[in-house]
**Student:** 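Before I ask anything, let me first share the structure, which is written out below as structure tokens.
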Amino acid sequence: MFDAVDTNASFAKMEEVVLAYWEHEQIFAQSLEQRRGGQPYVFYDGPPFATGLPHYGHLLAGTIKDVFPRYQTMRGRYVERTFGWDCHGLPIEALAQDKLGLAGAPAIRDCGVDVFNEQCRSMVLRYVKEWQQTVNRMGRWVDFEHGYKTMDSTFMESIWWVFKQLWEQGRIYRAHRIMPYSWKLNTPLSNFEANSNYQDVQDPAVTVRMKILDRDFPGCAGLTTYVLIWTTTPWTLPANLAACVGPDIRYCVVRDGDSNDAYIVAKERLSAYYKHESEYTVLHECAGAELVGCHYEPIFPYFAGHANAFCILSDGYVTTTDGTGIVHQAPAYGEDDYRVCRAANIELVDPLDDDANFLPVVADFAGVNCKEADKAIIRMLKQHGKLVQQSTIVHSYPFCERTDTPLIYRAIDAWYVKVEDLHERLIKNNAQTRWMPDFVGEKRFANWLAEAKDWNISRNRFWGSCIPVWINVEDPADTICVGSIAELEALSGQKVSDLHKHFIDCIEIRRDGKLYRRTPEVLDCWFESGSMPYAQHHYPFANREKVEGAFPADFIAEGLDQTRGWFYTLMLISTMLFDKPAFKNVVVNGLVLAEDGRKMSKRLKNYPDPRTVIDSYGADALRLCLLASPAVRAEDLRFSEVAVREVMRTVLIPLWNAHCFFVTYARVDGWVPPAGQAAPPAAPENVLDSWVLSRLSATVQDVRSALDNYDLQRGATRFTSFLDDLTNWYIRRSRRRFWKSDNDTDKGDAYATLHYTLVTLCQLAAPFTPFITETIYRNLRTDAMPASVHLCDYPEVQTAYLDTALNERMARTMSAVSLGRFLRTQASQKIRQPLASAVLVSAKAAVRADLEQMASVVAEELNVKAVLVQADEESLVSLSAKPNLKRLGPKLGPKMKLAMPAIAALSSADIASLRQGESLALTLADGTALTLSEDDVLIQRTEKEGMCVANEGDITVALDTRLTAELIQEGNAREVVSKLQNLRKELHFEVTDRIHICYSAPVALSRAIEAESAYICAETLALSLTAGDCADMHAVDINEVPARFHLRKA
RNA sequence: GGGCGCGUAGCUCAGUUGGUUAGAGCGCGUCUCUGAUAAGGACGAAGUCCCUGGUUCGAGUCCAGGCGCGCCCA
């Protein structure tokens, strides 16, 4: 016997019960154990930082990461799922710095790298418990216990192995690069990090003049000539080493009316400096190329005499969109500057310390922070007559994400991985990966791979995997790369237990009388996450076979923002190590935005707490809401609590109530499924049973194909649309079959069909909504079936049940019913009022045959005494023809425009002959002869005026709305039954309770009730129906006639 | 500045190889059904399919250019 169920169950509470059951019975472990030996389905989990709580983006990705492993497990695959944690990097360092009150790298060194790193270690896992709770509450099955951490020694040793592989391939090199630099954190940042916090700021914009030393331009005799440069970073002027012009840009030498000096400015920029042409005189005009080689007097004296410096260079990057068209070059502080100066053999100078304060060499501003020095520098320029113009500019400028201080660009010593020779291999390997949606892989990612730049992998930080390179203190070119702990122990003669910086930096290597110390940088943590396929299993030091057998992964899933993150580093490292892609299938999810379309923000509080949402609607509702959204196709999703509620109302509640309905009547009748697997009747006689089984099979086919193609949205919507057909057609149409008190075959078939359908639907939906399906399945299962729905095999497509003709027949029936309902509304005849007849008309024999078979369904649904099916539609509708554009368009081309009116003008006789298969000759306005056949036109029907007729496509329905006294009496009886049923419900009677009814009504109505008393009693399970007065009578309206009823249990 | 994506009803979104009158849900209004349902059904109001141009007999759909938004990069 099934357990009684509560229609008003709280899904959130139900889910808690399921979680306890899974935990207690170790269902996840069982689901794995059961598939041990099955073909593995390999899933890699991207490691999150545990420095914050999980948000909707994590819940979305986490749900996607749960559906496919569950699905594949049910398909028989062995799917291990281990969680991972990203432990290193700036997020955690920033937290530790706050905690210890340390401002930057020097402060960290002062307090001790060991203290700092141990602080990091102690904080890394601070939110692990919360993560675990949330992930678990969402119903995601993943192994936390054996999860990997990027700070584990085993993980870090594998990182060294990976590094050494690249080293031996000659891919690791050291270079200068211009990078965004945070002086607060004393570290260069990746461009990725630098781009995440642009702010609009006001900066000075100064135009400075530099005296030309060794060139006389025509017409400048007796004048001092200056080249004008423009910059928004005055602090870079002390490090100025050159000026750059565009080779093809036109420049003018003008006599400045104010100063009577000669200035060199781009011709196009003159108007920016002079309001009127009268303010200057053009002395000479030339191309930028002619200016190259001029020397000028350094603005500041600090680097006077620097080799090859203080001359005019040229390069194509110079534009005339702002400034003077001449760009000042400080090679330490700009990528283009660096490149241009390097080509001119000018060594950079970088007079800033780690905090970006000026070094003593810049005597006037020594110790001053560069940005703060701007004002003093401008003042000094003014004093020395070098400032031509001063203004401010508001522009978007990158700021440090962690500290909100401005970033500067400066030259940094860095370690690089050579990538630029790998483009073809990367693209080839990416072509072996299936992306969902495809454009992310085929366009976005492929384009990125095609232009991938060498990868800066070093970070001048503390808490991370160390770059395992030891450098000869005497000769920086002499290096040793260490690839394992054993290697380091052998080289150093010391025992090594931990690979973090504070354990490793003190280890020195002596070889052949030379001393080697480690390079101080740590690795970019993307290097670690990209190495996770190997490092999570301590490859190749352990688990060689396991890793090699489980590579590449069958499936990964992350957000669109990982295109250049994890997706890239995985693909890059696997290509470099094994020349293979790291994953075969990847689902990319979009961003989850707040309801207002903006990013979710804790400060703005523009989104509901996930826990509140789960507690109100349940994790299933949240999961399905996310899974059925465009967010699973890499599109943005505006998340709204209302949408979650909607999913609960329209999917979970109907599913739950279908279950309640079934269980309620099965308990009344004591129906139990036969032992063994759930099974439908062998040969269902009722067309509803065959139909719902056919629909179910089609749905199984659809959902399987959707999931096999990683299309979650399609999968989710297919099973929900089936649910709609199940509840609002199959169950509604079948209700009476369950109420009937005699246990005949039809009733048994109904129970067996619905039981099988619900069980199968639960199995089908289990990967999407694991809780409610588990609850329902557990109540419906037989002893022979697995204890949990998640231990079941995924439903197979039952081709024997598939009947497309039947599906079409039922679709036609629904269409006829829908038309009939419309007519009732038009005629203001509610469904409870029986009518004499409905006429279903179609000229197509196949349609008529279908409708005839289903006539009883239509009659019942429309509450008519008789349903007639006939062929003659012309008494009800008038026919007209339209061209079938799909057929005629390609045939006629431009003549289509002439054919349209000719076809519209066809008479009903013409149409009739076409429909009898005859062809029809037309002459178009331009004399073209055209022969039409039936397929060339579409026949349209218009309801004739004044009749109760409705048409849709091939089907026309007419309703006889005339009422007889008999029909009215029946209508009243049905109204009475309806009111009585409502009263039963209000009085909380059980569906099986027998009752006695006492009523009082006006004479006419009383007579009707008396006449229909047998029917009324049968419907309401009444043992008696007597007229008279008694206490506690309920007043009701029966078609606007007042009446009173009293009900009591028998 | 570049790459990619998105732009359809008040809101969230469907819309097949170009084809006839552009759909659904939510919300709103008027009805209705119901002994599983917090549900369902009917009708109604609500559209410059972002704009411009092109290809075509025919464009929400294809092409080009632009505008707006997002992600990634520079």
Side-chain angles (χ1 to χ4, degrees), chain A residues 5 7-8 191-192 194-196 319 321 335 437 439-440 442-448 450-453 559-565 568 588 590-591 593 595 597-599 625 628-630 633-640 642-643 645-646 648-650 652-665 713 717 721 724 727-729 731-732 735 738-739 817-826 828-832 861 863 882-900 938 940 977-978 980-985 989-993 1019-1021:
Chain A
V5 284
T7 36
N8 294 316
N191 280 312
F192 175 78
N195 278 335
S196 47
T319 67
T321 48
E335 204 174 328
F439 68 81
V440 178
E442 286 167 16
K443 305 276 190 167
R444 198 180 157 100
F445 194 59
N447 290 351
W448 169 254
E451 287 173 25
K453 300 280 185 291
L560 187 60
D561 51 344
Q562 295 297 321
T563 316
R564 271 71 166 169
Y568 174 58
V588 184
L591 252 74
L593 303 173
E595 203 167 359
R598 292 191 287 181
K599 281 191 177 176
C625 175
S629 80
R633 288 197 326 255
E635 283 178 39
D636 290 348
L637 171 70
R638 288 193 183 195
F639 178 81
S640 136
V642 176
R645 187 166 157 259
E646 199 54 33
M648 183 192 70
R649 283 174 21 153
T650 59
L652 301 183
I653 288 175
L655 175 59
W656 182 247
N657 284 316
H659 167 234
C660 290
F661 172 84
F662 172 79
V663 168
T664 303
Y665 289 97
Q713 202 182 22
T717 47
S721 82
D724 189 60
T727 58
N728 290 320
W729 191 254
I731 293 184
R732 199 164 54 77
R735 269 190 303 229
F738 293 91
W739 298 340
V817 166
S818 167
L819 288 169
R821 286 214 197 101
F822 168 67
L823 291 176
R824 274 190 167 270
T825 312
Q826 296 295 298
S828 306
Q829 289 294 349
K830 52 185 181 181
I831 302 271
R832 264 202 295 275
E861 194 65 20
N863 192 17
K882 289 182 77 172
N884 183 348
L885 293 175
K886 229 169 186 168
R887 254 179 85 93
L888 285 180
K891 221 191 306 187
L892 292 179
K895 294 188 194 300
M896 196 65 234
K897 279 194 169 134
L898 296 171
M900 274 160 91
L938 298 173
Q940 295 212 295
V977 168
S978 164
L980 288 173
Q981 303 289 35
N982 282 342
L983 279 177
R984 284 185 62 116
K985 209 171 171 184
F989 290 1
E990 295 297 319
V991 291
T992 46
D993 286 339
E1019 290 293 310
T1020 60
L1021 301 185

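In this text, all values refer to a predicted model and were calculated from it rather than measured experimentally.
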**Student:** All N/O contacts under 3.5 Å from nucleotides 57-61 of chain B to the protein, with atom names and distances to one decimal?
**Tutor:**
unit_1	atom_1	unit_2	atom_2	d
B:C57	O4'	A:Gly893	O	3.1
B:C57	O4'	A:Pro894	N	3.4
B:C57	N1	A:Gly893	O	3.4

**Student:** For A:Arg444 and B:G70, give me the distance from atom CZ to atom P, rounded to whole Å.
**Tutor:**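 Going from A:Arg444 (CZ) to B:G70 (P), I get 14 Å.
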
**Student:** Write out a two-atom table: protein N or O, nucleotide N or O from nucleotides 21-29 of chain B, distance below 3.5 Å.
**Tutor:**
unit_1	atom_1	unit_2	atom_2	d
B:U21	O4	A:Gln940	NE2	3.0

**Student:** Out of B:A14, B:A38, B:G40, which nucleotide sits closest to the side chain of A:Ile653?
**Tutor:**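 Within the option list, the nearest is B:A38.
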
**Student:** Within the 4.0 Å heavy-atom criterion, would you say A:Ser629 contacts the bases, only the backbone, or no part of the nucleic acid?
**Tutor:**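 Counting heavy atoms under 4.0 Å across all strands, no contact is made by A:Ser629.
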
**Student:** Determine whether A:Phe445 and A:Val588 satisfy the following criterion, side chain to side chain contact (heavy atoms under 4.5 Å, CB included), listing intermediate values before the conclusion.
**Tutor:** CA-CA 11 Å; A:Phe445 194 59; A:Val588 184; over 6 Å; no

**Student:** With both distances under 3.5 angstrom, what nucleotide forms a Watson-Crick or G-U wobble pair with B:G58?
**Tutor:** none

**Student:** Between A:Val977 and A:Thr1020, is a side chain to side chain contact (heavy atoms under 4.5 Å, CB included) present by the stated rule, with each step listed?
**Tutor:** CA-CA 7 Å; A:Val977 168; A:Thr1020 60; 4.2 Å; yes

**Student:** About how many Å separate OG1 of A:Thr650 and CZ of A:Arg645, when rounded to the nearest 0.5 Å?
**Tutor:**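 If I round to the nearest 0.5 Å, the distance is 10.5 Å.
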
**Student:** Round to a whole Å and report the spacing from CG of A:Asn657 to P of B:A39.
**Tutor:**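 So the CG-P distance, A:Asn657 to B:A39, works out to 11 Å.
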
**Student:** Using atom P of each nucleotide, how far apart are B:U30 and B:A45 to the nearest Å?
**Tutor:**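 These two P atoms come out 15 Å apart once rounded.
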
**Student:** Could you tell me whether A:Ile731 contacts a base, only the sugar-phosphate backbone, or nothing, with contacts defined as non-hydrogen atoms closer than 4.0 Å?
**Tutor:**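 Since a base atom lies under 4.0 Å of A:Ile731, the category is base.
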
**Student:** Rounded at 0.5 Å granularity, tell me how far CG in A:Leu560 sits from CG in A:Leu591.
**Tutor:** 7.5 Å

**Student:** Using Watson-Crick or G-U wobble geometry with both distances below 3.5 Å, tell me the partner of B:G5, or none.
**Tutor:**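 Its partner is B:C69 (Watson-Crick or G-U wobble, both distances under 3.5 Å).
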
**Student:** Once you apply a heavy-atom cut-off of 4.0 Å, does A:Leu591 come out as touching a base, just sugar-phosphate, or nothing?
**Tutor:**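 Sugar-phosphate only.
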
**Student:** Within the structure shown, what part of the strands sits under 4.0 Å from A:Tyr665 by heavy-atom distance: base, sugar-phosphate, or nothing?
**Tutor:**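 Sugar-phosphate contact only - A:Tyr665 comes under 4.0 Å of backbone atoms but never of a base.
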
**Student:** Once you round it to whole Å, what is the distance between P of B:C69 and CD of A:Glu635?
**Tutor:** 18 Å

**Student:** Nearest 0.5 angstrom please: A:Ser640 OG to A:Leu593 CG, how far?
**Tutor:** 12.5 Å

**Student:** Report the nucleotide, chosen from B:G5, B:A36, B:C13, that has the shortest atom-to-atom distance to any side-chain atom of A:Phe661.
**Tutor:**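 Comparing B:G5, B:A36, B:C13 against the side chain of A:Phe661, the answer is B:A36.
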
**Student:** Hey, what are the protein-to-nucleotides 7-9 of chain B N/O distances that come in under 3.5 Å?
**Tutor:**
none

**Student:** Across all strands, who's sitting opposite B:C43 as a Watson-Crick or G-U wobble pair, both distances under 3.5 Å?
**Tutor:** B:G29

**Student:** Using 0.5 Å steps for rounding, measure from the CZ atom of A:Arg638 to the OG atom of A:Ser629.
**Tutor:** 14.0 Å

**Student:** Which part of the nucleic acid, if any, lies within reach of A:Pro883 when heavy atoms closer than 4.0 Å are counted: base, sugar-phosphate only, or nothing?
**Tutor:**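 Since a base atom lies under 4.0 Å of A:Pro883, the category is base.
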
**Student:** Let's see if you can work this out: which of B:A14, B:G40, B:G3 has an atom nearest to the side-chain heavy atoms of A:Asn728?
**Tutor:**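 Of B:A14, B:G40, B:G3, B:G40 is nearest to the side chain of A:Asn728.
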
**Student:** Where does the angle between the aromatic ring planes of A:Phe738 and A:Tyr665 fall among parallel (under 30°), tilted (30 to 60°) and perpendicular (over 60°)?
**Tutor:** tilted

**Student:** Counting heavy atoms from C-beta on, name the nucleotide in B:G70, B:A36, B:A14 closest to the side chain of A:Asp636.
**Tutor:**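 Closest nucleotide to the A:Asp636 side chain: B:G70.
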
**Student:** Between A:Gln713 and A:Val977, who's closer to the 5' end of RNA chain B by nearest nucleotide?
**Tutor:**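 With A:Gln713 and A:Val977 compared, the 5'-side residue is A:Gln713.
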
**Student:** To the nearest 0.5 Å, tell me how far A:Asn657 CG sits from A:Leu652 CG.
**Tutor:** 11.0 Å

**Student:** Under 4.0 angstrom, heavy atoms only, what part of the nucleic acid is A:Ala634 near: base, sugar-phosphate, or nothing?
**Tutor:**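 Result for A:Ala634 = nothing.
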
**Student:** Rounded at 0.5 Å granularity, tell me how far CZ in A:Phe661 sits from OG1 in A:Thr727.
**Tutor:**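 Answer for the CZ-OG1 pair, A:Phe661 versus A:Thr727, is 11.5 Å.
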
**Student:** Using whole Å, report how far CG of A:Leu560 lies from C1' of B:G5.
**Tutor:** 8 Å

**Student:** Rounded to the nearest angstrom, tell me the gap between atom CG in A:Leu652 and atom C1' in B:A38.
**Tutor:** 12 Å

**Student:** Using a 4.0 Å heavy-atom cut-off, does A:Asp724 contact any base of the nucleic acid, only the sugar-phosphate backbone, or nothing at all?
**Tutor:**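 Result for A:Asp724 = nothing.
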
**Student:** So, does A:Arg735 get its side chain near the phosphate of B:G40, meaning an N or O under 4.0 Å from OP1 or OP2?
**Tutor:**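 The answer is no; no side-chain N or O of A:Arg735 sits under 4.0 Å from OP1 or OP2.
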
**Student:** Contact class for A:Trp448 (heavy atom, under 4.0 Å): base, sugar-phosphate, or nothing?
**Tutor:**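 Touches sugar-phosphate only.
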
**Student:** Calculate the interatomic distance between A:Leu637 atom CG and B:C69 atom C1'; express it in whole Å.
**Tutor:** 16 Å

**Student:** Is it the case that the base of B:C11 and the side chain of A:Arg638 share a donor-acceptor contact (distance under 3.5 Å, atom types as modelled)?
**Tutor:** no

**Student:** Please tell me which of A:Arg633 and A:Met648 maps to the more 5' nucleotide of RNA chain B, matching each residue to the nucleotide holding its nearest heavy atom.
**Tutor:** A:Arg633

**Student:** Roughly how many Å apart are B:G10 and B:C49, using the P atom of each and rounding to a whole number?
**Tutor:** 12 Å

**Student:** How long is the line joining CG of A:Leu593 and P of B:G70, in whole Å?
**Tutor:** 9 Å

**Student:** Atom CZ of A:Arg732 and atom P of B:U32: how far apart are they, to the nearest Å?
**Tutor:**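 After rounding, the gap between these two atoms is 17 Å.
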
